[in-house]
Amino acid sequence: NAAKYSNARKIRVCISQSDHFIELNVSDNGKGFDINKDFQGNGMNTLKRRSTELKADFDLESILNEGTHIKLRFKIT
């Protein structure tokens with residue numbers, strides 16, 4: 001989705017494991033979006049649903065014309 005919609009020049013993906021947790025960070029320097037808007041497509045709704053299924057912490061930050069950062073952290077069982 002970042003490559004398709006953000007018009008970003010850079011996308012950074014980091015996956016780390018520490019103390020029985022996996023953390024995924026995805027950030028881009030794209031156009032950003034209003035996170036308070038209702039999402040019509042599947043992308044953001046699917047991310048939220050899957051994070052709930054994983055009992056994960058899900059954080060989303062996006063600033064118009066600056067980019068987006070998504071963080072997902074869940075316990076390894």
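Side chains included, hydrogens not; waters and symmetry mates left out as well; all remaining heavy atoms used.
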* **Atom pair CD1 (Ile63) and NE2 (His69), whose distance is rounded to the nearest 0.5 Å** => 11.5 Å

* To do: Check Gln17 against His20 and note the closest heavy-atom contact, atom names and distance.
  => NE2-N, 3.7 Å

* Ile15-Leu47 co-clustered via ILVMFWY side chain contacts under 4.5 Å -> yes

* Out of curiosity, does Ile35 fall in the hydrophobic cluster containing Phe58 (side-chain heavy atoms, cut-off under 4.5 Å, transitive links)? -> yes

* Asked: Taking all atoms of both residues into account, what is the closest heavy-atom pair of Ser51 and Leu72, and its distance?
  -> CB-CD1, 3.5 Å

* **Phe33 side chain near Leu60 side chain, heavy-atom distance below 4.5 Å** => yes

* Asked: Counting distance only, does the side-chain N/O of Asn29 pair as donor-acceptor with the main-chain N or O of Arg9 below 3.5 Å?
  -> yes

* Asked: Is the number of heavy atoms from other residues, nucleotides or ligands under 6.0 Å of Tyr5 OH greater than 12?
  -> no

* Applying side chain to side chain contact (heavy atoms under 4.5 Å, CB included) between Thr68 and each of Ser62, Ser27, Ser6, report the one that passes. => Ser62

* Enter the distance from Asp28:CG to Lys10:NZ here, rounded to the nearest 0.5 Å. => 12.0 Å

* Is there a path from Phe21 to Leu24 through hydrophobic residues (I, L, V, M, F, W, Y) whose side chains come within less than 4.5 Å of each other? -> no

* Can you establish whether the number of heavy atoms outside Arg49 located under 6.0 Å from its atom CZ is more than 12? => yes

* Mind checking the NZ-CG spacing from Lys75 to Asp19? Nearest 0.5 Å is all I need. => 10.5 Å

